[in-house]
Colleague: 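This is the structure I want to talk about, given as structure tokens.
When a ligand or atom number is given, it counts from 1 through the structure's own listing order. Reckoned from all heavy atoms, side chains included, excluding hydrogens, waters and symmetry mates.
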Amino acid sequence: MNAVVRGLPRIETLSQHQQRGMDCVWCGITLTPATAVDLGPRPVKRLDYVTEWYPRACATHVGQVEYEELLAHCADCPTCLETGCEDGARLRRAAREARR
Ligand SMILES: [Zn+2]
Ligand SMILES: [Zn+2]
């Protein structure tokens, strides 16, 4: 399962397990293959170089965050109201799937 969430907690605030994708980045619950959602690689700045980390979260949180991001997007996207836009459609789809 994959998700397209943009906003994440800052990596410095997370535990080792959360940074390694073993625990949900939002609630810290231990993930299993059945509940884990990959949030995709994210760039992270170390002292003098940029690397990537692979955050994961539980399906419950991903659904919530996607829904919030959809609301935030629609609030300031004029295109969504008129003709609909790519981002809005993608978020709506994700929110719908999360509620199933
Ligand atoms: Zn969670
Ligand atoms: Zn939009």
Colleague: For distances below 2.8 Å, what is the count of protein N, O or S atoms around the Zn ion (ligand 1)?
Modeller: 4
Colleague: Within the distance-only criterion (no hydrogens, no angle test), does the side chain of Gln19 pair as donor or acceptor with the backbone N or O of Leu14 below 3.5 angstrom?
Modeller: yes
Colleague: Is there a chain of hydrophobic side chains (I, L, V, M, F, W, Y, each step under 4.5 Å between heavy atoms) that links Tyr54 to Leu39?
Modeller: no
Colleague: Just jot down the salt bridge (charged side-chain N to carboxylate O under 4.0 Å, His left out) partners of Arg10, sequence neighbours excluded, or say none.
Modeller: Glu12
Colleague: If I only include protein atoms of type N, O or S, how many are less than 2.8 Å from the Zn ion (ligand 2)?
Modeller: 4
Colleague: Could you tell me the separation between the CG atom of Asp87 and the CG atom of Leu70, rounded to the nearest 0.5 Å?
Modeller: 10.5 Å
Colleague: Could you tell me whether a side-chain N or O of Glu69 sits under 3.5 Å from a main-chain N or O of Leu91, the two making a donor and an acceptor?
Modeller: no
Colleague: Test your reading of the model: is there a side-chain donor-acceptor pair from Glu82 to the backbone of Thr79, 3.5 Å cut-off?
Modeller: no
Colleague: Could you give the distance from CZ (Arg92) to SG (Cys85), rounded to the nearest 0.5 Å?
Modeller: 7.5 Å
Colleague: Supply the atom-to-atom distance Gln18 CD to Gln16 CD, rounded to the nearest 0.5 angstrom.
Modeller: 10.5 Å
Colleague: For residues 22-36, which side-chain donor-acceptor pairs fall under 3.5 Å, sequence neighbours excluded?
Modeller:
from	atom 1	to	atom 2	distance (Å)
Asp23	OD1	Thr30	OG1	3.4
Thr32	OG1	Ala34	N	3.3
Thr32	OG1	Thr35	N	3.4
Thr32	OG1	Thr35	OG1	3.3
Thr35	OG1	Thr32	N	3.2
Thr35	OG1	Thr32	O	3.4

